[in-house]
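Here the structure is a predicted model, which is why all the values come from computation and not from measurement.
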Amino acid sequence: HVLYNPIDFNKVIEKSKEEPDFELGNGMKFVLAGSFKKVKAYDRFVSVCQKLKEDGYEFSVLIMGSGFEKNNIRKAVRDNHLDDYIKIASFQSNPYKYIAHSDVFVCASYAEGYSTAVSEAVALSVPVITTECSGMREIFGENECGIICENSEDGLYNAMKKVLENPSLLEKFSAEEKKRANDFSLQKRVKAIEDFLESV
């Protein structure tokens with residue numbers, strides 16, 4: 001029997017109302033948040049951005065976090081002349097204000113558990129592009145909260161290209177997330193735990 005962690009998404013939503021202290025950039029705005037570890041696959045994400053740039057798409061990216069891979073990713077951004085496309089920020093105590101002001105939250109990971117960051121993006125009604133990892137279909141439920149793509153460079157490329165070419169999809173995804181977010185309420189999750197404990 002699976003019971004999900006109760007998370008106070010009301011606090012997340014409240015923090016998201018703060019104004020970000022810098023602009024995310026031009027074009028469609030993608031945001032990523034998490035530790036700079038190899039499993040997060042930021043290296044292949046940079047490669048995807050390079051291809052999209054070569055194909056002439058206008059977009060901007062903010063990656064937030066800390067970790068031992070950060071310098072390698074910074075170097076990859078410089079080497080691919082993507083400084084005007086990808087900004088890398090330090091760990092943010094309030095990443096939600098940036099996520100809420102973006103167009104798409106991206107999870108490029110090779111593997112995940114049940115992703116709190118993706119859950120938070122859904123709670124904020126920010127469309128999600130994520131690779132096929134454990135937990136993602138559970139987070140989306142029956143709703144089309146974004147795109148769950150093949151866990152590969154091509155999968156990410158095709159998903160990002162799809163929303164860049166069809167920005168109206170984002171409005172649809174956001175509306176679906178508003179429905180799904182009702183299932184994430186703290187009260188519902190606490191009650192599910194209480195009901196289970198009473199049943200045993």
Side-chain angles (χ1 to χ4, degrees), residues 9 12-13 15-17 19-20 22-34 40-65 73 77 82 84-89 92 94-110 112 115-133 135-137 139-141 143-181 184:
F9 288 109
V12 171
I13 292 167
K15 286 184 176 182
S16 76
K17 294 176 183 176
E19 285 295 319
F22 62 89
E23 292 295 324
L24 292 181
N26 298 321
M28 190 173 289
K29 298 168 177 58
F30 298 90
V31 66
L32 298 83
K40 295 297 184 182
Y42 290 142
D43 53 348
R44 71 173 173 183
F45 177 78
V46 171
S47 296
V48 168
C49 290
Q50 174 62 19
K51 290 180 182 178
L52 291 168
K53 174 191 170 184
E54 289 173 354
D55 290 343
Y57 294 103
E58 186 178 24
F59 62 95
S60 58
V61 175
L62 174 65
I63 306 176
M64 297 176 284
I73 302 305
V77 170
L82 290 167
D84 292 336
Y85 290 80
I86 301 176
K87 306 297 181 189
I88 297 178
Q92 300 292 315
N94 179 13
Y96 313 115
K97 61 184 177 182
Y98 302 104
I99 295 171
H101 286 83
S102 68
D103 297 308
V104 183
F105 181 86
V106 179
C107 173
S109 300
Y110 292 112
E112 286 281 345
S115 174
T116 300
V118 170
S119 298
E120 290 166 343
V122 171
L124 292 172
S125 302
V126 176
V128 172
I129 289 176
T130 177
T131 49
E132 178 74 81
C133 296
M136 296 307 178
R137 296 194 181 276
I139 294 170
F140 279 30
N143 302 88
E144 195 175 1
C145 301
I147 299 173
I148 299 175
C149 67
E150 178 185 282
N151 198 326
S152 68
E153 193 171 304
D154 284 345
L156 280 167
Y157 170 83
N158 290 329
M160 291 177 70
K161 180 180 177 181
K162 184 173 183 177
V163 296
L164 284 164
E165 292 183 347
N166 304 278
S168 61
L169 284 172
L170 301 184
E171 188 175 340
K172 173 188 173 185
F173 294 153
S174 185
E176 287 289 301
E177 287 177 310
K178 284 182 172 67
K179 299 175 190 174
R180 179 59 174 153
F184 289 174

[X] versus [Y]: any side-chain heavy-atom pair under 4.5 Å?
X      : Y      : result
Val126 : Ser102 : yes
Gln50  : Leu82  : yes
Val118 : Phe105 : yes
Met64  : Val31  : yes
Ser16  : Lys97  : no
Val104 : Val128 : no
Ser115 : Met136 : yes

Return all side-chain donor-acceptor pairs below 3.5 angstrom for residues 156-164, not counting sequence neighbours, or 'none' if the list is empty.
from   : atom 1 : to     : atom 2 : distance (Å)
Tyr157 : OH     : Asp55  : OD2    : 2.3
Asn158 : ND2    : Asp154 : O      : 3.1

Separation between [atom1] of [X] and [atom2] of [Y], rounded to the nearest 0.5 Å:
X      : Y      : atom1 : atom2 : result
Ile86  : Tyr42  : CD1   : OH    : 11.5 Å
Glu153 : Ser47  : CD    : OG    : 4.5 Å
Lys178 : Leu124 : NZ    : CG    : 10.5 Å
Ile63  : Ile88  : CD1   : CD1   : 5.0 Å
Thr116 : Ile139 : OG1   : CD1   : 8.0 Å

Would you call Glu176-Lys179 a salt bridge at under 4.0 Å N-O? yes
Give the minimum heavy-atom separation between [X] and [Y], together with the two atoms involved.
X      : Y      : answer
Tyr110 : Ala41  : CE1-CB, 3.5 Å
Leu32  : Val106 : CG-O, 3.5 Å
Ala123 : Phe9   : CB-CD2, 3.5 Å

Does [Y] offer a backbone N or O that forms a donor-acceptor pair with the side chain of [X] under 3.5 Å?
X      : Y      : value
Asp103 : Met28  : no
Ser60  : Asn26  : yes
Ser125 : Glu177 : no

Pairwise salt bridge (charged side-chain N to carboxylate O under 4.0 Å, His left out) hits with a residue in residues 165-174, at least two apart: Glu144-Lys172
Partners meeting side-chain hydrogen bond (donor to acceptor under 3.5 Å, both in side chains) with Asn151 (sequence neighbours left out): Arg44
Can you sort out the partners of [X] under ring-ring contact (aromatic ring centres under 6.0 Å, His included), two or more places apart, ordered by chain and number?
X     : result
Tyr98 : Phe22
Phe45 : none
Tyr85 : Phe59

Given Tyr96, which of Glu120, Lys17, His101 fulfils the side chain to side chain donor-acceptor pair (under 3.5 Å) condition? Glu120
